[in-house]
Peer 1: 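Sending over a structure as structure tokens; questions will come in a sec.
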Amino acid sequence: MSTYQWKKMDADLLSMVAKVARDEPLSAAEQLSVAEFLKGHAGTEGDWGFSTTPTGDVRGSNNLRRTNWFNGRYLTAEALSRQDVYFDARLRLAAHAQMPGIAWGLGIGAAGANATPVHSESRTGGMPAGQTLTLRRGLAFDHVGRPILVSEPFTFTIEKLLGAWRKTPQKVVGGGIDFMPCVCLADDPAGPTGGSALVPSGPYLLVIQPNESEEGGAKVMGEICGGAAAVNCRAEAWRGGFGLSLVRFPVELPLREDLVSAWDLRGTLSAYFFDVFEHPLWKRWDPGFLTSGPFCSDTGPGRHDAAAVALAMVYLGEDGSVLFLDQWIPRRTICDSPAEDWHRTRFGAPPRAAAWARIHQFQCMLAESLTRQALGSERDDLYSRGFRHIPPIGFLPITPEPPDGKVSTGFALVDNSLNNAAAAPWLVSPRVFGAIEQARRYFQRSRVISYAVVALHDDDILEDLHNVFDKDPIQLARRVAQNDVGNAGQPLKPNYTHYGLTDVGGYTTLPGYLGVLARLFETLGLEDLVNRRTEIVKLVVPLQGLTRRHPLVGVLQEDAMDQTEGWGVNPLLTAGGALATLPQAEELAGLIARIGLDMLPRHFVVYVKQRLVLLDLLFYVLEILEFLFKFLSAFMALAGGTKKAVKTAELRQQYLAQPADRRAMVEAVLAQPDVQANLVRAADLSGSGLSVSRRNQEFLAKVDTAEAGLANTIADPVERRRAAIGQVADAYAAEYPDYQLMQVLAAVQPPQQTLIVVTKLSATRPTEKAETLADELAAGGPPVFADADAQPLYADLRASLDERKVADYVEGADSATASLTVKDILARPPAEARLLLGADNYARFRDALQADRNAALAGAEALGKGVPQTLIVKVETAIDAGTPAAAAIDQLKADSATNGNTRPLLDHTANLLRITGGKAGFLKLVKRT
């Protein structure tokens, strides 16, 4: 030390001596000063190993302990072992900065794996257990930071692993942290012991663990190792190694009819591993989510327990063969740190490794499935291939195909022009359309609704990947079509409950335009979307440029040349770069047609789970419309086999019984101009009968007439207008079922708002719907009955007329025409109906139908006033006994008990039975006096 340093040390030492004399503790800095003084005084400066710095006034310790080396100390095995343990622990701690898992390599190769047919129901006949498998080179780290190094390819068989499992059976148990369970092993009491040949079928995990083995001999206390008398010899070294094991994955799959093939098992187990065992979705938003404290605590210890590293899932069949071997179900590569995963899982996102793995697993399983059964065969959709949960984004392989010569843009005028010009070969859009059609096949027969877009830059897919990486998987469920046929040839009733769906088939009782909208809610209801019974995906067709240039490499011709022939494109003419050299006039003259295409779809289509968020107003609109359809369908119950027509007054009465806040919201939303405009636009797009302008003009005129007729009955002008709209809406709904929407609007909102919608519908629009034969027969609009009970009776009779065949009115018509119903003819414009039936047959049909319609009007008006109970009972009793309708009426006419007042009612009843073909269901709607 210098003179100054010695003087300063003297002063400091005196101060510290004074502290000690007063029993005052020394600070860490003061203790360090004493140590420095003693170190220099003892002459051992620079021999302490690691540098020492102040560590604070309060100090603790950990379990790291190293040997202190100095001259003169004995060199012992304990000291050297302590040093080895210290540096081994330091290296393991460095490995704790990353997640456990596979750093690189460690893939498994096996000839004949996953070769079972896609739709085979057999649980036998997989890859033999004696088939040689190869574990490729690689590196992994287990949960406590130990390296697992495979330095050269290693061969083994499942049969050898089963031999070890028979002696010491093990299984996977739960453990670790939520969203990050470890592959922890325990003895399997259900497994065989003592080398029994019994091996349960089911799923197993192939795992790898580190180990060390003794190697060589070392001299001990002067004795030479290697001889027969070398009893005191110890191993010279420890050689690092690894061990492979097959451990039971104790999952009992349910007995369901949708778990049939090995591919079904594979897809189901992948969903289980991702969404149940490793990523329990139900714990994400548990009740203590924001209050239990994890957001305020540290980042958690990660997975640092003694656990194995999984390499693959193996499913053993009933004969001991390997039905499938899937590497990416349990395999986890090192992608991020434990802290990153802790933050992500606290906020409900899946671990990065799991998110990547489920995409890998999907793509791997799909690729292997396509090698067994190519796209384009029967039942080639994802559900039929065994997939149940799929990642939020995936790549769907397609087969490049040249266009068939037709262009389909969805616009008739454009399609005709392009097809007449034979434009398919020099447009990319037909190829895009073909790619989309192939991609849609993957989601057939499922509850997934898809729509398609085109990505002009193929790297835009990476943005979609980033945006949906953390989303939940897409659940695939079977869509049961109404026209599915059972074994006996009878329509198969959809079993929605079996597939976890809600049976809302009551909507199908709604007719016309209401039925179209209601079926939309049946497919795309808010509850189905929220409960994941319906999923929406975007199909993205990425485009690749054939002459795209890279700033360093130049033209990337190899980017698409391998696919051009399949798409029907000549690459030599396409990639020549002629676009930059030829003059503009030649381009306009048809350059593209001569040199081919400069872009093509890629060999895959990407599906992306869609972000479903709604503006609050739009959400209210959807919810309210859905409420209205459910509300209306409740009134469409069957009454003795006959559909009872709905009256606006009844709807209004039931609507007023709904909660006041719901009614206020309904009226507020329906009053929005955008909502009213969208109702009109939906009517136009659906081709509904609501969009015939003249009908709505006559509707408004009849409202004015009906309102004038109620002037002496209803004093309140608002209620009088509401009642008038209701009467007219009832009349129009009886003639044109689509107008039941007007009944709903008239029942649930102020009358002026209903008239606004009708006024917008009455305006002449460019896409004007042609008037039909039904409009011609009901010239001046449907009748408005004075008696409210006559309207539903006429509606039933009118529906019965619609169901009759053309052959009932036209004799000698050809078989195709005769099989048509009256409804089919009435829905056509008069000119088209005349052309279809022929002039003479059309005239006979029109006259006969008009006569029957007049009879229905007269009968409804007469019977709507009421019929004696005894008379109706006599008619029904006779018909139920098998007496023909006409004979039953004649018997009652001859009955002496029948007086003159009831004879006109019998005449009308006879007419109505005749025009309905003997259907007596309308009698149940007649008011009985």
Side-chain angles (χ1 to χ4, degrees), residues 102 104-117 120 122-140 142 148-172 183 185 187-188 190-213 239-251 262-263 265-266 269-270 273 308-332 361 364-365 368 371-372:
I102 298 171
W104 59 271
L106 299 184
I108 299 174
N114 305 323
T116 57
S120 173
S122 175
R123 299 293 175 91
T124 60
M127 182 183 70
Q131 174 69 42
T132 299
L133 284 72
T134 301
L135 175 64
R136 291 186 281 271
R137 298 188 312 120
L139 172 67
D142 70 358
I148 307 174
L149 176 64
V150 179
S151 54
E152 60 184 11
F154 178 78
T155 59
F156 65 101
T157 65
I158 297 296
E159 190 173 33
K160 291 182 179 179
L161 297 180
L162 287 175
W165 186 82
R166 290 187 183 100
K167 296 179 182 178
T168 56
Q170 289 183 302
K171 67 176 181 179
V172 178
V183 182
L185 307 181
D187 292 339
D188 186 2
T193 57
S196 169
L198 176 63
V199 176
S201 64
Y204 293 77
L205 292 186
L206 176 61
V207 300
I208 189 170
Q209 296 169 284
N211 63 20
E212 290 181 329
S213 59
R239 168 73 69 178
F242 59 89
L244 297 178
S245 303
L246 203 62
V247 297
R248 178 85 167 157
F249 190 64
V251 177
W263 299 88
L265 299 174
R266 185 176 176 183
L269 284 169
S270 71
F273 200 99
V309 175
L311 297 179
M313 177 175 283
V314 177
Y315 196 99
L316 297 181
E318 295 173 355
D319 60 348
S321 63
V322 179
L323 293 187
F324 71 78
L325 185 150
D326 193 313
Q327 300 185 59
W328 279 108
I329 289 179
R331 174 184 294 258
R332 296 294 176 263
Q361 194 276 334
C364 178
M365 180 174 170
E368 293 178 353
T371 61
R372 305 289 175 258

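All of these numbers come straight from a predicted model, not from anything done at the bench.
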Peer 1: Evaluate the criterion side-chain hydrogen bond (donor to acceptor under 3.5 Å, both in side chains) for residue pair D326 and Q361; output intermediate values, then yes/no.
Peer 2: CA-CA 8 Å; D326 193 313; Q361 194 276 334; 2.9 Å; yes
Peer 1: Would you say CD of E212 has more than 12 non-hydrogen atoms from neighbouring residues, nucleotides or ligands within 6.0 angstrom?
Peer 2: yes
Peer 1: Determine whether the aromatic ring centres of Y204 and W165 lie less than 6.0 Å apart.
Peer 2: yes
Peer 1: Minimum heavy-atom separation for G126 and S321, please, with both atom names.
Peer 2: N-OG, 2.9 Å
Peer 1: With heavy-atom distances below 4.5 Å as the criterion, would you say the side chains of R137 and P153 are in contact?
Peer 2: yes
Peer 1: Identify the two heavy atoms, one from G125 and one from T116, that lie closest to each other, and give their separation to 0.1 Å.
Peer 2: O-CG2, 4.3 Å
Peer 1: Run the salt bridge (Lys or Arg N to Asp or Glu O under 4.0 Å) test on E368 and R266 for me, step by step, so that the C-alpha distance in whole Å, both residues' side-chain angles and the decisive distance to 0.1 Å come before the verdict.
Peer 2: CA-CA 12 Å; E368 293 178 353; R266 185 176 176 183; 2.6 Å; yes
Peer 1: List the steps and the verdict of side chain to side chain contact (heavy atoms under 4.5 Å, CB included) for R123 and L265.
Peer 2: CA-CA 10 Å; R123 299 293 175 91; L265 299 174; 3.8 Å; yes
Peer 1: Can you find a heavy atom in the side chain of L323 that is under 4.5 Å from one in the side chain of E318?
Peer 2: no
Peer 1: Specify the closest pair of heavy atoms between L325 and N114, including all atoms of both residues, with the distance to one decimal.
Peer 2: N-OD1, 2.7 Å
Peer 1: List the steps, then state whether side-chain hydrogen bond (donor to acceptor under 3.5 Å, both in side chains) holds for T124 with S122.
Peer 2: CA-CA 5 Å; T124 60; S122 175; 2.9 Å; yes
Peer 1: Do the side chains of L316 and V199 get nearer than 4.5 Å, heavy atoms only?
Peer 2: yes
Peer 1: Are any non-hydrogen side-chain atoms of V247 and K171 less than 4.5 angstrom apart?
Peer 2: no
Peer 1: Looking at V314, V172, I329, which one forms a side chain to side chain contact (heavy atoms under 4.5 Å, CB included) with F249?
Peer 2: V172
Peer 1: For R331, what residues pass the salt bridge (Lys or Arg N to Asp or Glu O under 4.0 Å) criterion, not counting sequence neighbours?
Peer 2: none
Peer 1: How are the rings of F154 and F242 set to each other: parallel, tilted or perpendicular (split at 30° and 60°)?
Peer 2: perpendicular
Peer 1: Quick one, Q209 and V309 - any side-chain contact, counting heavy atoms below 4.5 Å?
Peer 2: no
Peer 1: Taking the side chain from Q327 and the backbone from I108, do they hold a donor-acceptor pair closer than 3.5 Å?
Peer 2: yes
Peer 1: So, for L135 and L106, which heavy atoms are closest and what is the spacing to 0.1 Å?
Peer 2: CD1-O, 3.7 Å
Peer 1: Report the C-alpha separation of T168 and D187 in whole Å, then their side-chain angles, then the decisive distance to 0.1 Å, and conclude whether the side chain to side chain contact (heavy atoms under 4.5 Å, CB included) test is met.
Peer 2: CA-CA 7 Å; T168 56; D187 292 339; 5.9 Å; no
Peer 1: State, yes or no, whether a side-chain contact exists between L246 and I158 at a heavy-atom distance under 4.5 Å.
Peer 2: yes
Peer 1: Tell me, with the steps shown, if L244 and F156 meet side chain to side chain contact (heavy atoms under 4.5 Å, CB included).
Peer 2: CA-CA 9 Å; L244 297 178; F156 65 101; 3.7 Å; yes
Peer 1: Listed by chain and number, what are the salt bridge (Lys or Arg N to Asp or Glu O under 4.0 Å) partners of R239, not counting sequence neighbours?
Peer 2: E215
Peer 1: Heavy-atom distance under 4.5 Å between the side chains of D142 and P210, does that happen here?
Peer 2: yes
Peer 1: So do Q131 and T157 actually touch side chain to side chain, heavy atoms under 4.5 Å?
Peer 2: no
Peer 1: Give the minimum heavy-atom separation between F324 and A262, together with the two atoms involved.
Peer 2: CD2-O, 3.8 Å
Peer 1: Give me the atom names and distance for the closest heavy-atom approach of I102 to A310.
Peer 2: CD1-O, 4.3 Å
